Asks: 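Structure below; questions to follow.
In this text, all values refer to a predicted model and were calculated from it rather than measured experimentally.
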Amino acid sequence: PAPIVNVVMGSTNPEVTLQVPCEVAPGNNVSVTVNVGAGTSTSGIAVQTVSPGIFQTTMSDGTARAVVVRDDGSFADIGTAFPNPARRGENVRIYVTGLGATIPAVGTNNIQNPNADLVGRDATVAGTVLVNLNGTGVQVVSARQAPDLIGVYEVQFVVPVDVPTGNNVTVSVGIIPVGPSQGVGATQSVSSTIPIQ
C-alpha cells in the first residue's frame with residue numbers, strides 16, 4: 001500500500017499525491033492500482049532512484065512559485081500590501097520531494113526521529129544535493145527530511161549577495177544519488193521561481 005498524502009480535483013482530472021513505498025526497487029516498471037468505491041484502475045509507472053520536485057504555492061498574482069522559508073521562519077512571498085521576498089545573503093529553506101535515501105533510513109509512511117533537531121540526528125539526504133539560482137550553483141547548507149512531514153525534504157541554501165533580484169528568480173534542485181548511479185550527472189527538478197530582494 002502507498003500512503004496517500006492528499007486527493008484533489010485538478011484542472012481536468014482528480015489528482016492523488018502519494019508516497020512511493022521505500023520497498024519498491026528503483027528501475028522497475030510497477031503497476032499502480034487505484035480503488036475508488038467499486039471502481040478500479042491500473043496503470044504502469046517507472047520508479048526512479050531519485051526524481052526531485054519542488055513544492056509550489058500560488059501567490060497573490062496567481063503565479064505558482066516555490067515554497068521557501070526565510071531565516072525568520074516566514075514564507076517568502078511577493079505579497080501585495082506586505083511583500084516578503086527572500087533577501088540576498090540570507091539562508092533560506094526550500095521544500096522538495098524525490099531526493100531518495102536518507103541516513104539514517106526513514107521507512108514508508110514514517111517521519112524521522114521527532115527529537116532529531118534536539119539531538120543533532122537529522123535524517124540527512126544520502127546523495128549530493130545541488131541548488132541553482134538563475135542557472136548558477138549556490139552553497140547548500142543542509143538537506144534533510146523535513147520534520148514531521150512524510151516524503152518531504154528541506155534543503156537549506158545561501159542566497160548569494162550578487163544574485164539577480166525580482167519576483168521570478170529561477171530555482172532548481174538537483175541530486176546525485178549514492179550507489180550504482182554515482183558518477184552520473186545530477187537529476188534536476190523542473191525549475192520554479194522565488195522572489196528575491
Asks: How does the hydrophobic cluster around Val171 look, that is, which other residues are in it when side-chain heavy atoms under 4.5 Å mark a link?
Replies: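 Traced through the cluster, Val171 reaches Val50, Ile54, Val68, Val92, Ile94, Val96, Leu99, Val125, Val129, Val131, Leu133, Val138, Val140, Tyr153, Val155, Phe157, Val159, Val163, Val169, Val173, Ile175, Ile194, Ile196.
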Asks: Run Asp122 and Gln145 through side chain to side chain contact (heavy atoms under 4.5 Å, CB included) and show every step you take.
Replies: CA-CA 7 Å; Asp122 284 324; Gln145 183 176 13; over 6 Å; no
Asks: I need the minimum non-hydrogen distance between Met59 and Asp77, along with the two atoms involved.
Replies: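 Looking at all heavy atoms of both residues, the closest pair is SD-OD1, 3.4 Å.
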Asks: Side chains of Glu23 and Thr108: donor-acceptor distance under 3.5 Å anywhere?
Replies: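 Per modelled atom types, Glu23 and Thr108 side chains form a pair under 3.5 Å.
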Asks: Show your working on side chain to side chain donor-acceptor pair (under 3.5 Å) between Arg65 and Asn167 and close with a plain yes or no.
Replies: CA-CA 9 Å; Arg65 292 183 179 85; Asn167 286 341; 5.7 Å; no
Asks: Going by atom types only, do Asn134 and Thr136 share a side-chain donor-acceptor pair under 3.5 Å?
Replies: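 Result is no, nothing qualifies.
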Asks: For the backbone of Pro104 and the side chain of Thr102, can you confirm whether one donor and one acceptor N or O come within less than 3.5 Å of each other?
Replies: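 Flag set: sc Thr102 to bb Pro104 pair under 3.5 Å.
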Asks: Does any part of the side chain of Thr187, heavy atoms only, come nearer than 4.5 Å to the side chain of Pro52, both counted from C-beta?
Replies: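 The answer is yes, as the side chains (C-beta and beyond) meet within the 4.5 Å cut-off.
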Asks: Just do the side chain to side chain contact (heavy atoms under 4.5 Å, CB included) check on Ile176 and Leu130 with the steps written out, would you?
Replies: CA-CA 8 Å; Ile176 301 170; Leu130 310 166; 4.2 Å; yes
Asks: Report the C-alpha distance between Gln197 and Arg88 in whole Å, list the side-chain angles of each, state the deciding distance to 0.1 Å, and finish with yes or no for side chain to side chain contact (heavy atoms under 4.5 Å, CB included).
Replies: CA-CA 6 Å; Gln197 176 180 329; Arg88 288 174 162 178; over 6 Å; no
Asks: Do Ile150 and Val5 sit in the same hydrophobic cluster, where Ile, Leu, Val, Met, Phe, Trp and Tyr count as joined when their side-chain heavy atoms come under 4.5 Å apart?
Replies: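 No, because Ile150 and Val5 fall into different hydrophobic clusters, even though each may have its own neighbours under 4.5 Å.
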Asks: Heavy atoms only: give me the nearest Arg93-Arg70 pair and the separation to one decimal.
Replies: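 Where Arg93 meets Arg70 most closely, the heavy atoms are NH2-O, 3.6 Å.
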Asks: Distance alone, cut at 3.5 Å: any donor-acceptor contact between the side chains of Gln56 and Ser192?
Replies: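 There is such a pair between these side chains.
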Asks: Could you give the distance from CD (Gln48) to CD1 (Ile45), rounded to the nearest 0.5 Å?
Replies: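 Between Gln48 CD and Ile45 CD1, I get 9.5 Å after rounding to 0.5 Å.
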Asks: Checking side chain to side chain donor-acceptor pair (under 3.5 Å) for the pair Thr42/Thr33: CA distance, chi angles, key distance, verdict?
Replies: CA-CA 4 Å; Thr42 300; Thr33 302; 3.1 Å; yes
Asks: Find the distance between CZ (Arg144) and OG1 (Thr124) and round it off to the nearest 0.5 Å.
Replies: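 So the CZ of Arg144 and the OG1 of Thr124 are separated by 10.5 Å.
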Asks: For the pair Phe55 and Val152, evaluate side chain to side chain contact (heavy atoms under 4.5 Å, CB included) and give the outcome as yes or no after the intermediate values.
Replies: CA-CA 9 Å; Phe55 285 94; Val152 179; 3.9 Å; yes
Asks: Ignoring hydrogens, what is the shortest heavy-atom contact between Pro1 and Pro3? Give both atom names and the distance.
Replies: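 Scanning both residues, the minimum pair turns out to be O-CD, 3.8 Å.
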Asks: Looking only at atom types and distance, does a side-chain atom of Gln156 sit under 3.5 Å from a main-chain N or O of Asn91, one as donor and one as acceptor?
Replies: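 Judged by distance alone, no pair lies under 3.5 Å.
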